[in-house]
K.L.:
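Structure incoming, see below.
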Amino acid sequence: MKKSLALDAKRERAAAKIKEVAPHIDALISMLDETRVDLILIALSGETLPGGEE
């Protein structure tokens, strides 16, 4: 149960931080490299990256 409470607290902090920076999201995303943008897309939408060479 203790672990669940810690995770819930982290989720609340993450949600609060996203709400705080939301008005500036375009500027923040433009500062990220391609890898970090890919990771955000994976985390938010469950997208997968193609494997193999480009």
K.L.:
Is Met31 isolated, or which residues cluster with it under the ILVMFWY side-chain rule of less than 4.5 Å, directly or via members?
P.N.:
none
K.L.:
I'd like to check the side-chain hydrogen bond (donor to acceptor under 3.5 Å, both in side chains) partners of Asp26; sequence neighbours left out, ordered by chain and number.
P.N.:
none
K.L.:
May I have the list of side-chain donor-acceptor pairs in residues 13-23 shorter than 3.5 Å, sequence neighbours left out?
P.N.:
{"residue": "Lys17", "atom": "NZ", "partner": "Glu20", "partner atom": "OE2", "Å": "3.4"}

K.L.:
Would you give me the side-chain donor-acceptor pairs under 3.5 Å for residues 5-12, sequence neighbours excluded?
P.N.:
none

K.L.:
Would you please name every residue forming a side chain to side chain contact (heavy atoms under 4.5 Å, CB included) with Ser30, sequence neighbours left out?
P.N.:
none
K.L.:
Return the set of residues passing side chain to side chain contact (heavy atoms under 4.5 Å, CB included) with Leu32 (not counting sequence neighbours), or none when no residue passes.
P.N.:
Ile29, Arg36, Val37, Ile40
